[in-house]
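Keep in mind that this is a model prediction, so the values were computed, not measured. Reckoned from all heavy atoms, side chains included, excluding hydrogens, waters and symmetry mates.
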Amino acid sequence: MRFLRLPAVLAAAALIATACSSEGGDSGGSEGYPRDETLYTTGTAWGPPVNWNPIMRGQYAVGTFGLAYEPLFHYDPEENEYVHWLAESDEWTDETTHVITLREGMTWSDGEPIVAQDVVTTIELGQKDVSYSNIWNFIEGVEATGDREVTVTFSEARPQEWMNWAYSHPIVPAHIWADKDQQQLTDDPNEEPVGSGPYVYETHADDRMVWSRNDDWWGTEALGLEMQPTYIVDIVNASNEVTMNMLSNNEVDLSNNFLPGIDQMIDGQAITSYYDGPPYMQSANTAWLVLNHDREPMNDAEFRKALAHSVDMSAIIDGPYSNLVEAASPTGLLPQWDDYIDHELVAEKGYTYNADEAVALLEDAGYTDQDGDGFVDTPDGDPIELTLQVPSGWTDWMEAARVIAENAQEVGINVEAEFPDYDLLVEDRNSGEYDLLVNNERQLSNTPWTYYDYLFQLPVRDQQSTVNFGRYENEEAWALVEELAAVPADDVEAAAEITSKIQEIQLEELPAIPLWYNGLWSQQTNTTWTNWPSDQGNPGYATMWDGWFELGAVRTLAEIELAE
């Protein structure tokens with residue numbers, strides 16, 4: 001899933017800018033949305049909204065999950081706590097039985113009550129071919145044991161994995177979804193979404209998605225959260241220049257784009273982000289240098305270590321990113337997962353930029369320049385000619401890829417940066433037809449299990465569509481990841497013992513090389529709305545990204561205030 005930048009070109013950019021501009025005044029523009037009741041956002045949608053189907057993960061209109069549909073739990077990554085949401089309470093009666101009790105008096109946006117059968121139906125839909133079918137690898141059964149009580153039983157204890165599902169997947173109404181067949185589940189755009197959340201569908205156009213506040217939302221009373229904007233208008237991306245102008249002219253309040261040069265505009269007053277200084281943004285996910293283990297010499301750990309030592313992250317951070325990101329830990333784990341990092345192990349075995357060390361590792365492993373072209377060859381004398389792929393138009397990654405390639409060449413590894421269209425890159429990536437690429441599929445979650453599942457999942461298939469793009473096979477590492485999945489969701493100490501063992505393998509093998517923490521791109525203007533999350537004020541996240549409403553971003557909509 002990709003959240004992080006604007007496409008190079010979107011048709012009708014000028015039309016979008018003009019439409020937004022017409023809404024920038026006090027009257028609220030042609031749609032009639034008062035400016036002091038409307039939150040304008042941009043940066044997440046890459047095309048016209050055409051789908052409000054929450055089962056079609058990652059393909060739906062901005063806000064479908066989070067504003068319209070909601071999960072059982074939220075998760076607070078700063079406090080490492082699960083937050084009861086649709087669920088009022090829960091109890092593990094034993095290690096393979098989870099009893100969940102829903103809040104009383106909740107209703108769907110069509111007025112029907114929210115009951116236990118809605119949860120049962122949602123889980124049972126996973127028995128069909130949907131994005132979360134994998135949960136039935138360890139679920140034994142689910143039943144409504146009352147109007148508000150759901151009992152989930154497991155064939156094996158996997159609380160880390162289960163709780164990840166429980167906060168990151170929406171519950172849907174049984175009276176609408178129970179009888180849908182496979183085609184309806186995956187192809188129906190759900191044009192009249194009936195959800196449980198704080199906003200309901202208002203309208204949409206090719207250049208925007210509009211939500212209106214659900215004044216009957218259960219959470220106002222139960223959670224004490226009153227959504228401040230009456231309307232949320234999310235604008236489809238056009239270009240960096242358009243977004244910069246919209247921010248400057250108060251035509252959008254919040255941008256979730258990567259915006260080159262935004263560091264020159266953030267002043268802590270008119271335009272702000274989470275931090276007033278570098279890196280300005282919170283960390284969202286890790287960008288990994290992924291190596292194809294099915295090809296030589298990427299299948300050699302010593303070669304991978306040499307390549308890791310060759311990368312000058314400071315050149316990437318200071319260059320393409322203008323200090324908008326931070327270098328990743330050699331473990332790849334995000335700062336919020338610091339309790340799971342074995343820092344002594346990292347100090348002993350972690351890599352740093354060291355060109356001389358890279359050269360020495362290559363030489364010791366038999367990689368020398370045998371044909372005099374200035375680049376090392378394999379120990380068997382075969383030339384090494386590698387390509388590093390990132391998508392065309394992703395300008396920050398393109399510039400970073402050029403730096404990585406130049407760094408590699410400086411130590412004698414022949415790497416060239418290549419920029420295919422995104423769809424072609426995905427096709428090559430999933431089928432294993434590549435040498436090197438940059439990827440950031442997994443983001444912050446309730447557990448580092450999600451990262452290790454991404455790195456080590458077995459078995460390797462012909463098509464690797466979401467995990468282990470490097471096709472790395474290590475049975476010991478994968479067994480530890482499976483062991484981690486079985487740790488109680490709140491037992492950090494036990495989980496850290498296992499992550500230390502995983503890191504020992506990871507740092508010795510370097511199946512993929514952590515590069516930098518992608519920023520949770522969020523820059524906002526204080527002209528109409530203020531009191532945004534910051535390190536000096538409210539914690540939390542100002543973002544409309546899919547997956548972050550459940551990590552606390554929805555609270556931002558209750559905490560922002562009208563500027564005086």
Please check if the side chain of [X] supplies one atom and the backbone of [Y] the other of a donor-acceptor pair under 3.5 Å.
{"X": "Thr64", "Y": "Pro54", "answer": "no"}
{"X": "Thr44", "Y": "Val62", "answer": "no"}
{"X": "Thr272", "Y": "Gly268", "answer": "no"}
{"X": "Asn53", "Y": "Leu185", "answer": "yes"}

Sort out for me which residue in Trp394, Tyr321, Trp397 forms a ring pair (Phe, Tyr, Trp, His ring centres under 6.0 Å) with Phe258.
-> Tyr321

Pick one: which of Tyr452, Tyr517, Tyr451 meets ring pair (Phe, Tyr, Trp, His ring centres under 6.0 Å) with Trp337?
->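 So, applying the ring pair (Phe, Tyr, Trp, His ring centres under 6.0 Å) to Trp337 and each of Tyr452, Tyr517, Tyr451, only Tyr451 qualifies.
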
Could you walk me through whether Tyr199 and Trp217 pass the ring pair (Phe, Tyr, Trp, His ring centres under 6.0 Å) test, one step at a time?
-> CA-CA 8 Å; Tyr199 285 84; Trp217 180 48; 8.5 Å; no

Search all heavy atoms of [X] against all heavy atoms of [Y] and return the closest pair with its distance.
{"X": "Ala400", "Y": "Pro320", "result": "N-CG, 3.9 Å"}
{"X": "Ala542", "Y": "Gln524", "result": "CB-OE1, 3.8 Å"}
{"X": "Val120", "Y": "Ala144", "result": "CG2-N, 3.5 Å"}

Should the ring pair Trp288 and Tyr454 be called parallel, tilted or perpendicular, given that the plane angle runs from 0 to 90° and is split at 30 and 60?
-> tilted

Start with the C-alpha distance between His84 and Phe73, add both sets of side-chain angles, then the distance that settles ring pair (Phe, Tyr, Trp, His ring centres under 6.0 Å), and finish with yes or no.
-> CA-CA 5 Å; His84 288 105; Phe73 302 88; 5.5 Å; yes

Answer yes or no: are there more than 12 heavy-atom neighbours, outside [X] itself, under 6.0 Å from its atom [atom1]?
{"X": "Glu192", "atom1": "CD", "answer": "no"}
{"X": "Glu112", "atom1": "CD", "answer": "yes"}
{"X": "Glu221", "atom1": "CD", "answer": "no"}
{"X": "Glu104", "atom1": "CD", "answer": "no"}
{"X": "Asn538", "atom1": "CG", "answer": "yes"}
{"X": "Asp338", "atom1": "CG", "answer": "yes"}
{"X": "Glu226", "atom1": "CD", "answer": "no"}

Do the side-chain N and O atoms of [X] and [Y] include a donor-acceptor pair separated by under 3.5 angstrom?
{"X": "Thr97", "Y": "Asp94", "value": "yes"}
{"X": "Gln443", "Y": "Trp545", "value": "no"}
{"X": "Thr331", "Y": "Ser329", "value": "yes"}
{"X": "Tyr75", "Y": "Asn164", "value": "no"}
{"X": "Asp267", "Y": "Gln269", "value": "no"}
{"X": "Asn256", "Y": "Thr41", "value": "no"}
{"X": "Asn257", "Y": "Asn237", "value": "yes"}
{"X": "Ser534", "Y": "Tyr275", "value": "no"}
{"X": "Glu88", "Y": "Thr101", "value": "no"}
{"X": "Glu143", "Y": "Thr151", "value": "no"}
{"X": "Ser522", "Y": "Thr543", "value": "no"}
{"X": "Trp532", "Y": "Asp253", "value": "no"}
{"X": "Asp263", "Y": "Tyr280", "value": "no"}
{"X": "Asp110", "Y": "His175", "value": "yes"}

Heavy-atom side-chain proximity of [X] to [Y] below 4.5 angstrom:
{"X": "Asn250", "Y": "Arg35", "answer": "yes"}
{"X": "Met209", "Y": "Trp52", "answer": "yes"}
{"X": "Trp516", "Y": "Glu326", "answer": "no"}
{"X": "Val130", "Y": "Arg57", "answer": "no"}
{"X": "Trp108", "Y": "Ile171", "answer": "yes"}
{"X": "Ile139", "Y": "Thr153", "answer": "no"}
{"X": "Ser255", "Y": "Thr243", "answer": "yes"}
{"X": "Arg555", "Y": "Val83", "answer": "yes"}

Working for side chain to side chain contact (heavy atoms under 4.5 Å, CB included), residues Tyr69 and Thr122 | CA-CA 12 Å; Tyr69 294 92; Thr122 302; over 6 Å; no

If I take atom [atom1] from residue [X] and atom [atom2] from residue [Y], how far apart are they, to the nearest 0.5 angstrom?
{"X": "Asn531", "Y": "Leu562", "atom1": "CG", "atom2": "CG", "answer": "11.0 Å"}
{"X": "Met163", "Y": "Leu72", "atom1": "CE", "atom2": "CG", "answer": "8.5 Å"}
{"X": "Gln59", "Y": "Asp546", "atom1": "CD", "atom2": "CG", "answer": "11.0 Å"}
{"X": "Asp276", "Y": "Asp535", "atom1": "CG", "atom2": "CG", "answer": "6.5 Å"}
{"X": "Leu551", "Y": "Tyr167", "atom1": "CG", "atom2": "OH", "answer": "5.0 Å"}
{"X": "Leu254", "Y": "Leu247", "atom1": "CG", "atom2": "CG", "answer": "8.5 Å"}

Are His74 and Phe549 close enough, and set up right, to give a side chain to side chain contact (heavy atoms under 4.5 Å, CB included), and what steps lead you there?
-> CA-CA 8 Å; His74 279 198; Phe549 291 108; 5.5 Å; no

On the ring face of Phe138, is Arg158 found with NZ or CZ under 6.0 Å from the centre and within 45° of the axis?
->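 Yes, a cation-pi geometry holds between Arg158 and Phe138.
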
I would like to know whether Val487 and Trp449 meet side chain to side chain contact (heavy atoms under 4.5 Å, CB included); could you show each step before the answer?
-> CA-CA 10 Å; Val487 173; Trp449 169 84; over 6 Å; no

Charged N to carboxylate O under 4.0 angstrom, Asp188 versus Lys180?
-> yes

Please assess Tyr541 against Tyr274 for the test ring pair (Phe, Tyr, Trp, His ring centres under 6.0 Å), listing each intermediate value before the final yes or no.
-> CA-CA 8 Å; Tyr541 306 106; Tyr274 193 79; 7.5 Å; no

Does the pair Phe154 and Trp92 meet the rule for a ring pair (Phe, Tyr, Trp, His ring centres under 6.0 Å), with working shown?
-> CA-CA 11 Å; Phe154 303 92; Trp92 288 87; 5.7 Å; yes

Taking it one step at a time, do Glu37 and Arg213 satisfy salt bridge (charged side-chain N to carboxylate O under 4.0 Å, His left out)?
-> CA-CA 10 Å; Glu37 296 183 29; Arg213 187 172 59 205; 6.0 Å; no

